[in-house]
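What follows is a single structure, written as structure tokens, with notes after it.
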Amino acid sequence: MRAGADRGERRTLVLSAFPAEADAVRSHTTLEPDPVVVADRRHFYLGAIAGKKVIVAMTGIGLVNAVDTTEAALARFARGSSNEIGAVVFSGVAGGASRTSIADVAVPARWTLDHGTTFHPVDPAMLATAEKLSAALESVAGRIDLRRRPRIVVGGDGCSWDNNNGVAFPCIPNGGDVFGCQPRRAPDRSLKYTGNFRQAAGRWLRSALISNLNIVSTADPAYDATDMETAAAQAVADAHGVPFLGIRAITDGPGDPLHLPGFPFQFFCYKRIAANNAARVTAAFLQSWGGL
């Protein structure tokens, strides 16, 4: 094994679920001259954040997409290969609860995929770095003024789940900054790109549409962050022995100056400011972390 492949080219895989989250990460990313790598129909982008080498990717919404994209990345950029992945960070948004308010950024110490029956801790060295972070978080966006300073909340628990009955949530070609198939700032963005739509739409409509019509808040007072991907990506990273950290900013939960009626109204109102804050903390983390 070449020493350069083992150490010099190791990168952090930075994942996000949907275009608005991925575009927020992309705003901190300096891409390489030839940045696009396609593996298993998924697009990965090589670059650097805060001077640290990264691979940026959008998983798509839900547990299955998170698992499939993380598996594809760790297979393509395996140990000993060029651009080997040395750690995984998930940057995105989530529902919040008692300790976290809208636009706060949660960095849970452990995650559950089974509503608290079992928990899996994140990498302790990565968490220790997160505990020391400071970042200028957004509190004003357009006409939205939170009238308070968002916080970074490190520790506590996170939970991931979805209503998709074990099938992949399909992206929608040209479906905007939530349901679209590519980040809007992707260097290879194409209006013809359909992502997993053809593979997933039929099965999702047959198996998961009805359960997803029952829209409820993702916020749960037992957790600082509740989302649809992080713990699933962590399970893959853990299985490969790769350090993992989840960074999630709050879109729905306490601290709403507009007093909107929960999810999905809060989500669509605050998704951009939350995604930007998650990406800012991700960039601050990468700048501070010396793990690779």
Side-chain angles (χ1 to χ4, degrees), residues 11-39 41-61 65-66 68-70 72-73 76-77 83 85-94 103 105 107 133 135-138 141-142 171-196 227-230 233 245-249 251 267-268 270-289 292:
R11 297 174 182 260
T12 300
L13 174 65
V14 181
L15 299 171
S16 297
F18 56 82
E21 294 175 335
D23 283 330
V25 171
R26 170 69 181 84
S27 71
H28 294 270
T29 307
T30 301
L31 294 177
E32 296 180 1
D34 186 19
V36 182
V37 177
V38 179
R41 302 189 308 273
R42 291 167 176 82
H43 291 222
F44 301 93
Y45 306 107
L46 306 181
I49 297 176
K52 304 296 177 62
K53 290 187 175 183
V54 296
I55 301 168
V56 175
M58 191 182 89
T59 64
I61 295 169
N65 286 326
D68 290 348
T69 303
T70 311
R76 173 61 179 81
F77 306 103
N83 300 314
I85 291 172
V88 180
V89 173
F90 209 112
S91 175
V93 306
V105 180
V107 188
L133 288 180
L137 301 182
E138 293 184 12
C171 67
I172 300 174
N174 308 308
D177 65 355
V178 174
F179 301 110
C181 295
Q182 278 186 299
R184 292 184 171 185
R185 300 185 64 172
D188 59 344
R189 177 170 169 78
S190 169
L191 297 179
K192 297 180 180 179
Y193 181 67
T194 61
N196 72 335
D227 64 50
M228 300 171 68
E229 298 88 19
T230 304
L245 189 71
I247 298 173
R248 289 285 187 165
T251 53
F267 168 82
F268 283 103
Y270 297 111
K271 68 181 187 304
R272 190 170 301 280
I273 191 171
N276 288 344
N277 281 349
R280 288 187 179 201
V281 172
T282 298
F285 169 78
L286 289 170
Q287 185 174 37
S288 299
W289 186 47
L292 295 183

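Bear in mind that the values here come from a model prediction, so they are computed numbers and not experimental data.
Cys181 approaches Pro173 most closely through the heavy-atom pair SG-N, 3.5 Å. Considering every non-hydrogen atom in both Gly60 and Glu229, the closest pair reads O-CG, 4.0 Å. Across every non-hydrogen atom of Ala66 and Ala233, the tightest pair is CB-N, 4.3 Å. Closest heavy-atom contact between Ser288 and Leu133: OG-CD2, 3.7 Å. Taking both residues in full, the closest heavy atoms of Ala24 and Ala275 are given as CB-O, 3.4 Å, listed atom of the first, atom of the second, then distance. Contact between Pro19 and Met58 at its shortest, heavy atoms only, is N-SD, 3.4 Å.
Under a 3.5 Å cut-off, the side chain of Asn174 and the backbone N or O of Leu191 do form a donor-acceptor pair. Side-chain atoms of Thr251 come within 3.5 Å of backbone atoms of Ala94 as a donor-acceptor pair (strictly under, hydrogens ignored). A distance-only check finds a donor-acceptor pair linking the side chain of Lys52 to the backbone of Trp289 [under 3.5 Å]. Counting only distance, with no hydrogens or angles, the side chain of Asn277 and the backbone of Ala103 share a donor-acceptor pair below 3.5 Å. Between the side chain of Ser16 and the backbone N or O of Gly92 there is no donor-acceptor pair closer than 3.5 Å.
Put simply, the side chain of Asp177 reaches to within 4.5 Å of the side chain of Arg272, judged on heavy atoms. When side chains are defined from C-beta on, Asp227 does not count as touching Phe90, because their heavy atoms never get closer than 4.5 Å. Using a 4.5 Å heavy-atom threshold, the side chains of Tyr45 and Ile55 count as separate. Between Arg184 and Arg189, some side-chain heavy-atom pair lies under the 4.5 Å cut-off. The closest side-chain heavy-atom distance from Met228 to Asn65 is not below 4.5 Å. Counting heavy atoms from C-beta outward, Leu286 and Val14 have side chains that approach closer than 4.5 Å. Side-chain contact between Phe18 and Val93: present, with at least one pair of heavy atoms (C-beta onward) separated by less than 4.5 Å.
In this structure, Phe268 and Phe179 have tilted ring planes: the angle between them lies in the 30° to 60° band.
Contacts classified as salt bridge (Lys or Arg N to Asp or Glu O under 4.0 Å) and involving residues 15-34 (residues at least two apart or in different chains) are given here: Arg11-Glu32, Glu21-Arg248.
Between the CG atom in Asp68 and the CZ atom in Arg42 there is a gap of 4.5 Å [rounded to 0.5 Å]. To the nearest 0.5 Å, the span separating SG on Cys171 from CG on Asn196 amounts to 4.5 Å. Summarising the geometry, atom OH belonging to Tyr270 is positioned 14.0 Å from atom CD belonging to Glu138; distances are rounded to the nearest 0.5 Å. The distance from atom CG of Leu13 to atom CZ of Phe44, rounded to the nearest 0.5 Å, is 7.0 Å.
Each of Ile49, Val281, Thr282 was evaluated against Val89; a single residue qualifies, Thr282, per the side chain to side chain contact (heavy atoms under 4.5 Å, CB included) test.
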Where do Leu245 and Phe285 land on the side chain to side chain contact (heavy atoms under 4.5 Å, CB included) test, with the steps shown first? CA-CA 10 Å; Leu245 189 71; Phe285 169 78; 3.8 Å; yes
